[in-house]
Amino acid sequence: MDNDLHTPIEQLLRSIPKIWGTFDIDSLSQAEQDALARLTAAGLVERRHRMRLRMISRNDGFDATFEATGCCGLIDALGGLLRQAFDEWETDFVAWKKRDDAAPPFVVECIQPSHWRLTTDGVSARSDLDADETARRCVFDFVLRQGIFDGKARLLDNKILHPPHVRGQGRLIACEKISEDARQAAVVNIGNFGPNGETLSQVLEQWFTQKTSTEKPNATATTEPETTATDWGRSDHKATVCRWIRARYLKNGKTNKAEVIRAALAYFGLPADYERRVRTEYDKRHKK
């Protein structure tokens, strides 16, 4: 249950340093690993790992060091590496997918130590833990994406609207291709890393599966997991955002439309540079 994570979330927020520090993922309990995954996906913790990635049926692989926070940080950091690996391993991966009882295809070896630190938002969240009860509750609700703030559900059209994922960011610090026997590699726990608590190997498997599901993969495209509940390319989602803006615009006496639109971008997890296109869509739907 999500409420069971309140204690490990608070303990980690209080113990993770503001500057880079080392940690051993295997020293964390399962609850602490789950809490760390949530904190990372929420953009409150940034992690740095060195890993070796291999495919079980091959003798080559990659040694990479990366930093990531948020639900898209991992793909941001490893996108170029994964595209290179896909170009070389696609045939092997497709063959693996055809086997019903195949073992997981990837071997991910974490080279210790790993590093972590609080982001600026993480430092603010730590301070909120020492504020009033409302501020404390908001920290847990945000990390767990419960859609409840100040004891009240965030509603849109009488439905709970869960906070969007925090996109985050990531970067690849170093990468080197290696030639070793993958069958000799030990599988070392790198912990949960995906926005929904997936392990790193599961995230990689999902990425490869998504690539192979496209008839002609675009080697230059960056594939990302869905980062928010709002897809600006969908007409119904545009309508939802515009209704949200109009309700608050009218409530505020039709003042400072730009501020309301910027608030909508943050609320629905849309990029800041979408302000002009959101305003254009709103004006089109609500002509004076």
Side-chain angles (χ1 to χ4, degrees), residues 4-54 61-82 85 106-130 139-140 142-144 166-178 180 182 184-204:
D4 295 337
L5 294 179
H6 283 197
T7 297
I9 285 173
E10 179 168 358
Q11 290 174 340
L12 289 175
L13 276 175
R14 293 189 183 280
S15 62
I16 296 175
K18 298 179 183 179
I19 60 175
W20 286 113
T22 62
F23 75 102
D24 181 356
I25 192 71
D26 290 320
S27 69
L28 302 180
S29 68
Q30 186 58 56
E32 288 172 330
Q33 291 186 33
D34 291 344
L36 178 59
R38 301 289 191 110
L39 288 166
T40 304
L44 304 185
V45 173
E46 184 176 17
R47 295 162 63 181
R48 178 192 295 161
H49 289 284
R50 181 185 172 197
M51 71 167 190
R52 289 197 180 108
L53 169 64
R54 302 181 178 87
F62 297 88
D63 187 318
T65 301
F66 67 93
E67 296 174 355
T69 186
C71 69
C72 283
L74 179 65
I75 297 301
D76 276 355
L78 300 183
L81 165 62
L82 294 182
F106 297 111
V107 176
V108 179
E109 180 185 5
C110 180
I111 303 173
Q112 298 292 354
S114 295
H115 297 77
W116 59 8
R117 67 177 176 182
L118 292 181
T119 64
T120 301
D121 289 335
V123 174
S124 296
R126 174 189 287 178
S127 298
D128 288 341
L129 291 175
D130 294 321
V139 172
F140 298 123
F142 178 74
V143 173
L144 298 173
V166 175
R167 189 190 187 287
Q169 60 185 0
R171 69 186 184 102
L172 187 64
I173 299 174
C175 181
E176 179 183 6
K177 188 172 181 181
I178 56 176
E180 297 180 14
Q184 299 301 316
V187 181
V188 179
N189 182 21
I190 199 170
N192 297 346
F193 219 105
N196 299 309
E198 306 94 327
T199 63
L200 181 54
S201 59
Q202 288 171 329
V203 172
L204 302 182

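Residue indices begin at 1 and follow the sequence shown. Source: prediction; values computed, not measured.
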For this session: Given side chain to side chain contact (heavy atoms under 4.5 Å, CB included), test I25 with H49 step by step and report yes or no.
Result: CA-CA 11 Å; I25 192 71; H49 289 284; 5.6 Å; no
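- Applying the side chain to side chain contact (heavy atoms under 4.5 Å, CB included) test between V45 and each of V143, L118, T119, D121 identifies L118 as the sole match.
- Test L78, D63, T65 against M51 for side chain to side chain contact (heavy atoms under 4.5 Å, CB included) and you get one pass: L78.
- Using cut-offs of 30° and 60° for the angle between ring planes, the W20 and H115 rings count as perpendicular.
- Between Q11 and S15, the shortest heavy-atom contact is O-OG, 2.9 Å.
- Considering all non-hydrogen atoms of both residues, E32 and S27 come closest at OE1-O, 4.3 Å.
- Side chain of R126 to main chain of I16: a donor-acceptor pair is present (N/O by atom type, distance under 3.5 Å, no hydrogens or angles).
- No option in T7, L36, L5 other than L36 meets the side chain to side chain contact (heavy atoms under 4.5 Å, CB included) test with L12.
- The NE2 atom of H6 lies 5.0 Å from the CG atom of L144; values are rounded to the nearest 0.5 Å.
- Shortest non-hydrogen contact noted between T69 and E46 is CB-CA, 4.0 Å.
- When all heavy atoms of A64 and L81 are compared, the closest pair comes out as CB-CD2, 3.8 Å.
- Here the closest heavy-atom approach between residue A68 and residue L74 is recorded as CB-N, 3.7 Å.
- The CZ atom of F66 lies 7.5 Å from the CZ atom of R47; values are rounded to the nearest 0.5 Å.
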Exercise. When you look at V107 and R52, which way does the side chain to side chain contact (heavy atoms under 4.5 Å, CB included) test go after all the steps?
Worked result: CA-CA 8 Å; V107 176; R52 289 197 180 108; over 6 Å; no
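- For Q169, the CD atom counts as loosely surrounded, since its 6.0 Å shell holds 12 or fewer non-hydrogen atoms of other residues, nucleotides or ligands.
- Closest non-hydrogen pair, L44 versus A125, comes out as CD1-CB, 4.0 Å.
- Under the 3.5 Å distance criterion, the side-chain polar atoms of Q33 are left unmatched by any main-chain donor or acceptor of A35.
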Exercise. Is there a side chain to side chain contact (heavy atoms under 4.5 Å, CB included) between V139 and E10 once you walk through the steps?
Worked result: CA-CA 9 Å; V139 172; E10 179 168 358; over 6 Å; no
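- Note that CZ of F142 and CD1 of I9 are 11.5 Å apart. Values are rounded to the nearest 0.5 Å.
- Relative orientation of the W116 and F23 rings is parallel, given thresholds of 30° and 60° on the angle between their planes.
- Once rounded to the nearest 0.5 Å, the distance linking CZ of R171 with CZ of R48 reads 7.0 Å.
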